[in-house]
Amino acid sequence: SSSLEVAAPSLAGFTGVALLLFWEQLWKRVIVTGASTGIGEQMAYHLARMGSHILVTARTEAKLQKVNGKLSTHTCTCIPAISYSTLMPAPLISGGLDMLILNHIGKSYFSYFDGDVGHVQKLLQINFLSYVAMTVSALPMLKESEGSIVVVSSMAGKVGFPLTVPYSATKFALDGFFSSLRQEFSMQSVNVSITLCVLGFINTGKISPKEECALEIIKGGALRQREVYYRYASTKIPLLIRDWAADFLDYLIRKCYNTENLKKN
Ligand SMILES: NC(=O)C1=CN([C@@H]2O[C@H](COP(=O)(O)OP(=O)(O)OC[C@H]3O[C@@H](n4cnc5c(N)ncnc54)[C@H](OP(=O)(O)O)[C@@H]3O)[C@@H](O)[C@H]2O)C=CC1
Ligand SMILES: C[C@H](CCC(=O)NCC(=O)O)[C@H]1CC[C@H]2[C@@H]3C(=O)C[C@@H]4C[C@H](O)CC[C@]4(C)[C@H]3CC[C@]12C
């Protein structure tokens, strides 16, 4: 179909071709959270081109409506963050769910940890607990479809980067929860895949564009990969160093930061 043709140039290689061939059978009904901007928005566009039925969520209705306008026939729903623990948009999807892409994040700061426990708690609610709640609500449908959960995380959820303490804590929590859950799925023969996406810094330029990143996430989820690394070399290599020489990696990371103008706590 024309939608698949649009996606084709970016999906090079064997896995890309295989993915395109089985797309229709694999998963069509997808929820993308935090899809009003950034990587989530780009995932919505890719999925729409591939013919998926998508439900996008975010707090700001106006931004979502703009995205929805570009998606034409697809569903757009505004889910406020506060409702995440209790409300799941799943009932809005009639006929089931094939893939849940958990991507949204709350606002944090890029500075030394300021000791604000309330902020850590709030961020855990948005970046972690809401992911848990949505997973629990979606699980019956995902079990039924033998579908996939895709969790968007970060290098800051694998390595201790400075200046992102609350954010990093929420991303490490995701790894713990979903890695453990993956083990239990396997032990109980639950055929729902869990893909954790480890992203480096994404920008709008040529080095790590959000459009390409979004496609890599979708590909990894559809192929039921355990983890996605984007970009591969610049995320995977530091993680290999971490496993053998953690102090050395910490030192290399610190060397990249200019903290002269930062206020110490
Ligand atoms: N950009 C980067 O360099 C990197 C990003 N990542 C990860 O990629 C994912 C997407 O990041 P990115 O595209 O930069 O994010 P954006 O900041 O562009 O988008 C965040 C999305 O989450 C929504 N959101 C914001 N606050 C809340 C809230 N309180 N409750 C619910 N939704 C909220 C926003 O919409 P609204 O405000 O309307 O609610 C928006 O749709 C995240 O998981 C992030 O950790 C990982 C590594 C690097
Ligand atoms: C600087 C980190 C990336 C180091 C790295 O792996 N480089 C190789 C590559 O990028 O390919 C960044 C890894 C995660 C980033 C943070 C993040 O996850 C979310 C926020 C995004 C926001 O747009 C900027 C601030 C962030 C906290 C961002 C900061 C940079 C990272 C720590």
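Quick caveat, the model's predicted, so the values are computed rather than measured. Both ligands and their constituent atoms are indexed starting at 1 by order of listing.
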Between the candidates T170, L102, V152, N127, which shows the shortest non-hydrogen contact distance to atom 8 (O) of ligand 1?
V152
Enumerated ligand 1 atoms positioned under 4.0 Å from heavy atoms of A35:
41 (O)
So T195 and S148, side-chain contact (heavy atoms from CB on, under 4.5 Å) or not? Walk me through it.
CA-CA 8 Å; T195 301; S148 303; 5.8 Å; no
Ligand-side contact atoms (ligand 1) for residue partner F201, heavy atom cut-off under 4.0 Å
3 (O)
Logged contact type for S153 with ligand 1, heavy-atom cut-off 4.0 Å, is backbone
Scanning both residues in full, the closest heavy-atom pair of K171 with G157 reads CB-CA, 3.4 Å
Please work out whether any backbone atom (N, CA, C, O) or any side-chain heavy atom from C-beta onward of I126 is under 4.0 Å from ligand 1, and answer side chain, backbone, both or neither.
side chain
Decide whether an N or O pair under 3.5 Å exists between L199 and ligand 1.
no
Measuring from the heavy atoms of K107, does anything fall under 4.0 Å of ligand 1?
no
Mark yes or no for whether N103, through its side chain, and T33, through its backbone, hold a donor-acceptor pair below 3.5 Å.
yes
Got an N/O contact under 3.5 Å between A58 and ligand 1?
no
Contact between ligand 1 and C197 is defined here as a heavy atom of the residue under 4.0 Å from a ligand atom; is it met?
no
Do Y109 and V117 belong together in a cluster built from hydrophobic side chains that touch within less than 4.5 Å?
no
Please lay out, stage by stage, how I207 and F201 fare under the test side-chain contact (heavy atoms from CB on, under 4.5 Å).
CA-CA 10 Å; I207 297 176; F201 187 59; over 6 Å; no
Name the option, out of H104, K171, R59, that contains the heavy atom nearest to atom 27 (C) of ligand 1.
R59
Going by the closest heavy atom to atom 3 (O) of ligand 1, which one wins out of I202, L64, N103?
I202
Path from M43 to V228 over hydrophobic side-chain contacts below 4.5 Å:
no
Of the choices S154, A214, G200, which has the non-hydrogen atom that lies closest to atom 48 (C) of ligand 1?
G200
Quick one: does ligand 1 sit under 4.0 Å from the side chain of M155, the backbone, both or neither, non-hydrogen atoms only?
neither
State yes or no: do V190 and V132 share one hydrophobic cluster built from I, L, V, M, F, W and Y residues joined by side-chain heavy-atom distances below 4.5 Å, directly or via other members?
yes
Looking only at heavy atoms, is any part of K210 under 4.0 Å from ligand 1, and if so is it the side chain, the backbone, or both, or is it neither?
neither
Which of the atoms of ligand 1 are close to G38, meaning less than 4.0 Å from one of its heavy atoms?
13 (O), 18 (O)
Pairs involving residues 244-257, ordered by first then second residue, that meet side-chain hydrogen bond (donor to acceptor under 3.5 Å, both in side chains) (sequence neighbours left out):
none
Where do I105 and Y167 land on the side-chain contact (heavy atoms from CB on, under 4.5 Å) test, with the steps shown first?
CA-CA 9 Å; I105 43 166; Y167 172 82; 4.1 Å; yes
Test your reading of the model: is there a side-chain donor-acceptor pair from H46 to the backbone of E211, 3.5 Å cut-off?
yes
Do L142 and F177 belong together in a cluster built from hydrophobic side chains that touch within less than 4.5 Å?
yes
Within the protein, residues bringing a heavy atom under 4.0 Å of ligand 2, chain by chain
F110, S154, M155, F161, T164, Y167, G200, F201, S234
N/O separation below 3.5 Å, G106 to ligand 1:
no
Residue pair D175, S153: steps toward the side-chain contact (heavy atoms from CB on, under 4.5 Å) verdict
CA-CA 8 Å; D175 197 355; S153 187; 6.0 Å; no
When rounded to the nearest 0.5 Å, the distance separating CG of D243 from NZ of K158 is 9.0 Å
Connected via hydrophobic side-chain network under 4.5 Å: L240 and V159:
no
